[in-house]
S.K.: 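Quick one: the structure is below, and I'll ask about it shortly.
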There are 2 protein chains.
Amino acid sequence: MTYSYRVSIKDIAKTAGVSYSTVSRALHDSPLISQEVREQIQKIAESMGYSPNALAQGLQAKRTNSVGLVITTISDPFFADIVNGVEEEAKKAGISVFLATTRNDPDEEIKIIETFSRRRVDGVIVASSRIDTGYANRLEQIHIPVIMVNTESEEGNFIYSASVNNFTGACQGVNHLIELGHRRIGYLGVSNRLVSNKQRLEGYLDTLKKNTIDVDPAWIIINKETSPGELSLDFKIGQELGSEILKTDITAVFCYCDTIAAGVMETCRRRGFSIPQQMSVVGFDDNFICEILYPPLTTIHQPEKEIGQKAMQMILKCLAGDDVEDILLDPHLVIRESTAHPYNRSN
Amino acid sequence: MTYSYRVSIKDIAKTAGVSYSTVSRALHDSPLISQEVREQIQKIAESMGYSPNALAQGLQAKRTNSVGLVITTISDPFFADIVNGVEEEAKKAGISVFLATTRNDPDEEIKIIETFSRRRVDGVIVASSRIDTGYANRLEQIHIPVIMVNTESEEGNFIYSASVNNFTGACQGVNHLIELGHRRIGYLGVSNRLVSNKQRLEGYLDTLKKNTIDVDPAWIIINKETSPGELSLDFKIGQELGSEILKTDITAVFCYCDTIAAGVMETCRRRGFSIPQQMSVVGFDDNFICEILYPPLTTIHQPEKEIGQKAMQMILKCLAGDDVEDILLDPHLVIRESTAHPYNRSN
DNA sequence: TTGTAAGCGTTATCAA
DNA sequence: TTGATAACGCTTACAA
């Protein structure tokens, strides 16, 4: 049968010859209604192609069963995994997710959160947030759970956070290189992920120090600042940093992330440097590209999908009124083939 | 200042000592209101932290300024680019996007679209849809624009479609190999993307035929069927198909997508087959992994982001009441270093 | 220029 | 067991 634009509960009531509160009850399997009438109405609703209006429901229930998810860019596999985890958990709980990207621009981030707020999402998950304390306070006024995943803001106690321990991750990576016998180890970082870069750099420095290795400042190379909102490609950054690092005397390099490492490897190859024989390379993230690269990349595994899931679960808990605690997950080393003893020709 | 849960237009009206329609008008810069009062009210709204309720607005306007985006999985860079394009255009137009993934399961797909329908999204974009005509009719009843991007359903005229020409893409890839001098060329396909795989296979077959090359059935390998909803990793599929193809006498292979190609290359490397010297490899998509691979992958470029943008623009046009036409974009060949003359040792 | 009131589609609280 | 009715927060005729 054909039906008019959008069938409402009133339309059903008219057809069924009952009041619309009766219809509402029937549709909700309310016990205050006769079996017979209920089935009747449900059948009619079905045949009329009724689809409840979630806006109206949300308006009245003050609950939308939706969350907002804010990421920097979808192109980075790192975020893709977070989205995956969030979406999976959301689906289980019958929650829809709004996705928006900031391109690493704090102003964009704020705008997006405002939009989510207007839409009355039940919670917000922000990955790699760069917003400052000033705005954080404003966030708090919204009175919905906000989970910061791997926050990139230096300031403030945020509402809740779920992160990976960047420091220990870097320690593991550098330790691995030291255990292999390397002494001259470089660090390749990025300037536009302030906090995580800093934490990884600290892990690097700390590990070298503990092993009584004096760091040559030339070993540490951070790409130059880009204007806010501009998101240069990590692969390209890696290529550029790679050619810088080849000017030094290092035998191994710890990279901020896998994609940077990929760029470094590409440059090494072009320059005739073989990996791992002449240069050991360690990444961070454990994206799917690690296995595609040649040689497969030794890296620090971040449980990104898990973090996404956990973040979503935290929101659910908040909504249920349960207590939630911040999460700091530990990454772990995954050894592949891009690392070896220094100048080891047998590999 | 602290304020109660959520400030409504009524609260502002009370504070301002006017009726709430006046507030509404002031907030919308209505001309039927005095400059003075307007500024007054806007100031008050601001200070009270007013954030309009998009649910209420949507309910009354019958327009939510939101769209639903359905993809198979976020982990495939192919979809990531589509999401990118959609999101970019949506943002420009002040539209929020709901994202949901199907994991290639048609039942999931239907559920998701039902959910979007309840939320009264203004439009839906579905990538790689597998739903059949039966459901397509139901979709039509919803009376909102639905754009199918690279549909994977064999049946039916859908509402609107935006696709890439898989056939000509494959022709270009295979032609390139033939021009390089290859005669024994393989095809590596997938079973769970029925339509696009079929179209690419047809392009492959057609091109060989036009060049009077008799195809040995052993050259064509499609991975075995997986259960619906199960999404095996293309890289792994590529690795497996790769070892099959090495049993044949081909000198070049055209792969369904870049990730498959990456798997093939990995297998070749393990088996001591050098690329492109002993085996030329062509991919499809032109993901960012093409440049990361060694050697960089020759492939067919799909304008995925553009398709996402176009799909979103089509929805906007529909909503504006303008005519829209289906789109079939042409892919193009991108030559990198994974292809060469057969057994060419000088490269 | 402003206020009143109806309506968007639900759910929930009353009475009946 | 059912039916009015109010309320959710907003926009917009229609009156004043």
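Residue numbers start from 1 in every chain, and the chains themselves are labelled A, B, ... in the order their sequence lines are given, proteins ahead of strands.
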S.K.: Salt bridge or not for B:Glu306 and B:Lys310, using N-O below 4.0 Å?
M.R.: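 So B:Glu306 pairs with B:Lys310 through a salt bridge.
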
S.K.: Checking contacts here: which listed nucleotide (C:dT4, D:dC10, C:dT10) is nearest the side-chain heavy atoms of A:Ile9?
M.R.: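 Comparing C:dT4, D:dC10, C:dT10 against the side chain of A:Ile9, the answer is C:dT10.
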
S.K.: Consider the side chain of A:Ser34, meaning its heavy atoms from C-beta on, and name the nucleotide among C:dT11, D:dT2, C:dG3 that approaches it most closely.
M.R.: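 Among C:dT11, D:dT2, C:dG3, the one nearest the side chain of A:Ser34 is D:dT2.
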
S.K.: For the pair made of CZ in A:Arg118 and P in D:dC10, what is the distance, rounded to whole Å?
M.R.: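 In whole Å, D:dC10 P and A:Arg118 CZ are 11 Å from each other.
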
S.K.: Can you check whether A:Lys305's main-chain N or O pairs, donor with acceptor, with A:Asn84's side chain at less than 3.5 Å?
M.R.: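 No, the answer is negative, given that no donor and acceptor are paired below the 3.5 Å cut-off.
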
S.K.: How many Å lie between NZ on B:Lys62 and P on D:dG9, as a whole number?
M.R.: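 Whole-Å distance recorded here is 20 Å.
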
S.K.: So, are A:Glu89 and A:Lys92 salt-bridged, with charged N and O less than 4.0 Å apart?
M.R.: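 So A:Glu89 pairs with A:Lys92 through a salt bridge.
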
S.K.: A:Tyr20 has an atom OH; how far is it from atom P of D:dG3, in whole Å?
M.R.: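 Roughly 12 Å, once rounded to whole Å.
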
S.K.: Can you check whether A:Tyr160 reaches A:Cys318 side chain to side chain, under 4.5 Å on heavy atoms?
M.R.: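 The answer is yes, as the side chains (C-beta and beyond) meet within the 4.5 Å cut-off.
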
S.K.: Between protein and nucleotides 13-16 of chain D, what N or O pairs are separated by less than 3.5 Å?
M.R.:
none

S.K.: Is it true that a side-chain atom of B:Glu109 and a backbone atom of B:Arg130 form a donor plus acceptor pair closer than 3.5 Å?
M.R.: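 Yes.
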
S.K.: Scan B:Ser24 against the nucleic acid and name what it touches under 4.0 Å (heavy atoms): base, sugar-phosphate only, or nothing.
M.R.: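 Contact class for B:Ser24: base.
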
S.K.: Going by side-chain hydrogen bond (donor to acceptor under 3.5 Å, both in side chains), name the residues that satisfy it together with B:Ser163, two or more places apart in sequence or in a different chain.
M.R.: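 Expected list: none.
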
S.K.: For B:Ala56 and B:Thr22, take the nucleotide of DNA chain C holding the closest heavy atom to each; which residue's nucleotide lies nearer the 5' end?
M.R.: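 Its nearest nucleotide being more 5', the pick is B:Thr22.
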
S.K.: What is the distance, to the nearest angstrom, from the CZ atom on A:Arg6 to the P atom on C:dG9?
M.R.: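 Value for this atom pair: 10 Å.
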
S.K.: Please report the end-to-end axis angle for the helix from C:dT1-D:dA16 to C:dA16-D:dT1, five pairs per end, rounded to 10 degrees.
M.R.: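 Roughly 50° between the end axes, to the nearest 10°.
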
S.K.: May I ask you to say what B:Leu32 touches in the nucleic acid, namely base, sugar-phosphate or nothing, with a heavy-atom cut-off under 4.0 Å?
M.R.: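 The answer is base, as B:Leu32 lies within the cut-off (heavy atoms under 4.0 Å) of a base atom.
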
S.K.: OP1 or OP2 of D:dG9 sitting under 4.0 Å from any side-chain N/O of B:Ser8?
M.R.: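 Answer is no, no contact under 4.0 Å.
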
S.K.: Please work out if A:Gln57 contacts a base, only the sugar-phosphate, or nothing of the nucleic acid, heavy-atom cut-off 4.0 Å.
M.R.: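 Sugar-phosphate: the residue A:Gln57, judged by heavy atoms under 4.0 Å, touches backbone atoms but no base.
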
S.K.: Measure CG/B:Asn53 against P/C:dG9 and give the value in whole Å, please.
M.R.: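 Between P of C:dG9 and CG of B:Asn53: 16 Å.
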
S.K.: What distance do A:Glu88 atom CD and B:Ile74 atom CD1 have between them, rounded to the nearest 0.5 Å?
M.R.: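 Nearest 0.5 Å value for the CD-CD1 distance: 13.0 Å.
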
S.K.: Mark yes when over 12 heavy atoms from residues, nucleotides or ligands other than A:Gln40 sit less than 6.0 Å from its CD; otherwise mark no.
M.R.: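 Not more than 12 within 6.0 Å, no.
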
S.K.: In whole angstrom, give the distance that lies between atom CD1 of A:Ile12 and atom P of D:dT2.
M.R.: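 Interatomic distance, CD1 of A:Ile12 to P of D:dT2: 16 Å.
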
S.K.: Between A:Lys43 and A:Glu39 (salt bridge meaning N to carboxylate O under 4.0 Å), is one present in this structure?
M.R.: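 Not counted as a salt bridge, because no side-chain N and carboxylate O are separated by less than 4.0 Å.
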
